[in-house]
Structure formats: C-alpha cells, structure tokens
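Heavy atoms only: backbone and side chains are in, while hydrogens, waters and symmetry mates are out.
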Amino acid sequence: MTYELMAEDVIELADTLNVETFILMGHSMGGKTAMRAALMFPDRISKLIIVDIAPKAYPASHSVYFKAFEEIDWAKMKNRTEIDEALKTYEKNDGVRLFLAKNIDRLETGGFAVKSNIPAIKSAYEHIGGDFKMDTVYNGKTLFIYGEKSNYLLEEDRPLINQHFPNNQYSMVKNASHWVHAENPSDFLNQLNQFLKSN
C-alpha cells in the first residue's frame with residue numbers, strides 16, 4: 001500500500017470509466033493520494049482539491065484504532081448500537097466512531113466482521129504517515145481546504161505546497177477540525193462549489 005500504487009488505482013478507475021480528465025478531491029490520506037496522482041498524471045487532472053492535509057510526514061496517532069479492530073469481538077455484536085458502545089472505549093468522538101464503524105459489515109451468518117484489510121494497513125502505516133517525497137510540479141488550479149480548529153495544515157506548510165502546487169488557494173472552514181466536511185458540511189460545500197464554479 002503506497003501512494004504511488006493508490007494514485008495509479010485512481011487513474012485505472014478513470015480509464016475504466018472512460019474519463020479522460022477530471023477534478024480530483026481527497027481528504028487526509030485521500031488528499032495525499034490525490035496530490036500524488038496530480039504529480040504523477042498532471043494532464044489527467046483538471047483541478048485538484050485537498051482537504052485538511054499537507055504533503056509531509058505526520059506522527060503516528062492511529063494505534064488505538066488498530067487496537068479496537070483487533071480486540072473487539074465483532075462476531076458477538078447484534079446491532080450497530082452495540083458496535084458504537086464497543087468503540088466508545090477507544091474513541092470518544094461520535095463522528096469518528098461513525099467513520100470507524102463504516103469498516104464493519106454484517107455477516108449473513110449473524111454478527112459482524114471487519115471488512116478492511118487491517119493487517120495490510122497496519123504494515124504500511126509507517127509509509128502512509130511518513131515523508132511525502134516530491135520531485136515534480138502540478139500547475140493546475142488547486143484548492144487547499146482546512147478546518148479552523150485543525151492542526152493538520154499549518155502556515156509553515158505553505159512554502160512546500162507553493163513549490164509543488166504553485167497555482168493554489170486556501171479556504172478555511174469555520175468551527176471545524178480535521179473532519180471538515182462532517183463537522184461543518186454547509187460551509188465546506190459552499191467553499192467547494194465556489195472553487196468548482198471558478199474559471
């Protein structure tokens with residue numbers, strides 16, 4: 001699991017759908033994937049939207065989630081309420097728990113199971129959060145949306161962003177942290193639509 005492979009997956013999907021050029025948006029890890037795709041395939045992406053992430057390394061902060069996926073006995077769960085209760089031990093934020101629960105599927109035989117390949121994600125985690133090496137430039141219009149209360153995209157990141165995404169602009173979503181689109185969807189969509197409508 002590398003950003004290069006995930007960027008190639010994005011292009012392969014576009015090829016399968018017969019989409020030659022397209023606007024690409026990604027949040028967090030998806031934002032890093034979108035940046036990598038734009039740098040690798042600049043002619044395919046007409047505009048780029050990056051939500052609350054910078055092209056840099058981040059400290060490991062998701063080990064508690066790996067622990068939750070590995071420790072909870074999902075097969076014994078009877079419903080989504082029980083899943084949410086089990087996740088409260090590991091995560092207090094309601095929105096984040098809902099996001100984590102998207103990785104849990106009901107089994108036809110009863111109970112639930114994790115549908116994501118947690119061992120693969122865990123083994124690639126150092127790369128996913130690690131340094132984001134770049135040696136190319138994407139000159140297309142790029143919007144960096146960030147949450148007012150988030151610390152993922154900082155003022156000190158701008159020189160690096162300007163170097164590789166020179167045709168950029170920034171937009172802050174008020175009363176939102178890292179989960180920008182979930183915490184203030186109306187402001188997020190308003191700013192997104194303004195960018196999409198711009199020439």
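Using a 4.5 Å cut-off between side-chain heavy atoms of Ile, Leu, Val, Met, Phe, Trp and Tyr, with links allowed through other members, L107 and L87 fall into different hydrophobic clusters. A continuous path of Ile, Leu, Val, Met, Phe, Trp and Tyr side chains, each step under 4.5 Å between heavy atoms, connects F99 with I83, placing both in one hydrophobic cluster. At a threshold of 4.5 Å between side-chain heavy atoms, the hydrophobic network of Ile, Leu, Val, Met, Phe, Trp and Tyr places I128 and V96 in one connected group. A continuous path of Ile, Leu, Val, Met, Phe, Trp and Tyr side chains, each step under 4.5 Å between heavy atoms, connects L39 with L160, placing both in one hydrophobic cluster. In the hydrophobic cluster analysis, where Ile, Leu, Val, Met, Phe, Trp and Tyr join through side-chain heavy atoms closer than 4.5 angstrom, M40 is grouped together with M6.
Taking the ring centroids of H178 and Y146, they lie at or beyond the 6.0 Å cut-off. Taking the six-membered ring for Trp and the full ring otherwise, Y125 and H62 have centroids separated by under 6.0 Å.
Put simply, the side chain of D52 gets close to the backbone of G147: a donor and an acceptor are under 3.5 Å apart. A distance-only check finds no donor-acceptor pair linking the side chain of W179 to the backbone of N184 [under 3.5 Å]. Within the 3.5 Å criterion, the main-chain N or O of Y3 finds a donor-acceptor partner in the side chain of H127. When atom types are taken as modelled, the side chain of N193 and the backbone of N190 share no donor-acceptor pair closer than 3.5 angstrom. Of the possible polar contacts, none joining the D105 side chain to the K115 backbone as a donor-acceptor pair under 3.5 Å is found. The backbone N or O of K88 lies less than 3.5 Å from a partner atom in the side chain of K92, making a donor-acceptor pair. S123 places no side-chain N or O within 3.5 Å of a backbone atom of I121 that could act as its donor or acceptor partner. Looking at Y58, its side chain does come within 3.5 Å of a backbone N or O of Y152 through a donor-acceptor pair.
Cluster partners of M25, using a side-chain heavy-atom cutoff of under 4.5 Å among ILVMFWY residues and allowing indirect links, are I23, I49, V51, L143, I145, V173, V180, F188, L189, L192, F195, L196.
Contacts of Y170 classified as side-chain hydrogen bond (donor to acceptor under 3.5 Å, both in side chains), with partners at least two apart in sequence or in another chain: none. K122 meets the salt bridge (Lys or Arg N to Asp or Glu O under 4.0 Å) test with E70; sequence neighbours excluded. With sequence neighbours excluded, no residue forms a side-chain hydrogen bond (donor to acceptor under 3.5 Å, both in side chains) with N93. Residues passing the side-chain hydrogen bond (donor to acceptor under 3.5 Å, both in side chains) test with Y65 are E91, sequence neighbours excluded.
Counting non-hydrogen atoms of neighbouring residues, nucleotides and ligands closer than 6.0 angstrom, the CD atom of E71 exceeds 12 such neighbours.
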*CA sep, side-chain torsions, deciding dist, call: L24, V10, side chain to side chain contact (heavy atoms under 4.5 Å, CB included)*: CA-CA 9 Å; L24 184 60; V10 170; 4.1 Å; yes
*Kindly indicate, with the supporting measurements, whether the criterion side-chain hydrogen bond (donor to acceptor under 3.5 Å, both in side chains) is fulfilled by E183 and S177.*
CA-CA 7 Å; E183 294 172 15; S177 54; 2.8 Å; yes
*asked:* As a quick check of understanding, evaluate salt bridge (Lys or Arg N to Asp or Glu O under 4.0 Å) for R97 and D84, giving each step before the final call.
replied: CA-CA 7 Å; R97 284 200 313 278; D84 189 60; 2.8 Å; yes
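Taking OG of S28 as the start and NE2 of H181 as the end, the distance is 9.0 Å to the nearest 0.5 Å.
Smallest separation of non-hydrogen atoms from R106 and K78: NH1-O, 3.7 Å. For the pair R36 and E4, the tightest heavy-atom approach, listed with the atom from each and the gap, is NE-OE2, 3.4 Å. Pairing each heavy atom of T2 with each of L5, the nearest pair is OG1-N, 3.1 Å.
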Can you give the donor-acceptor pairs under 3.5 Å from side chains of residues 11-22 to other protein atoms, not counting sequence neighbours?
residue: D15; atom: OD1; partner: R44; partner atom: NH1; Å: 3.1
residue: D15; atom: OD1; partner: R44; partner atom: NH2; Å: 2.8
residue: T16; atom: OG1; partner: E12; partner atom: O; Å: 2.9

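Between the side chains of S198 and K141, at least one donor N or O sits under 3.5 Å from an acceptor N or O.
Relative ring orientation between W74 and F69 is described as tilted, the plane-to-plane angle lying within the 30° to 60° band.
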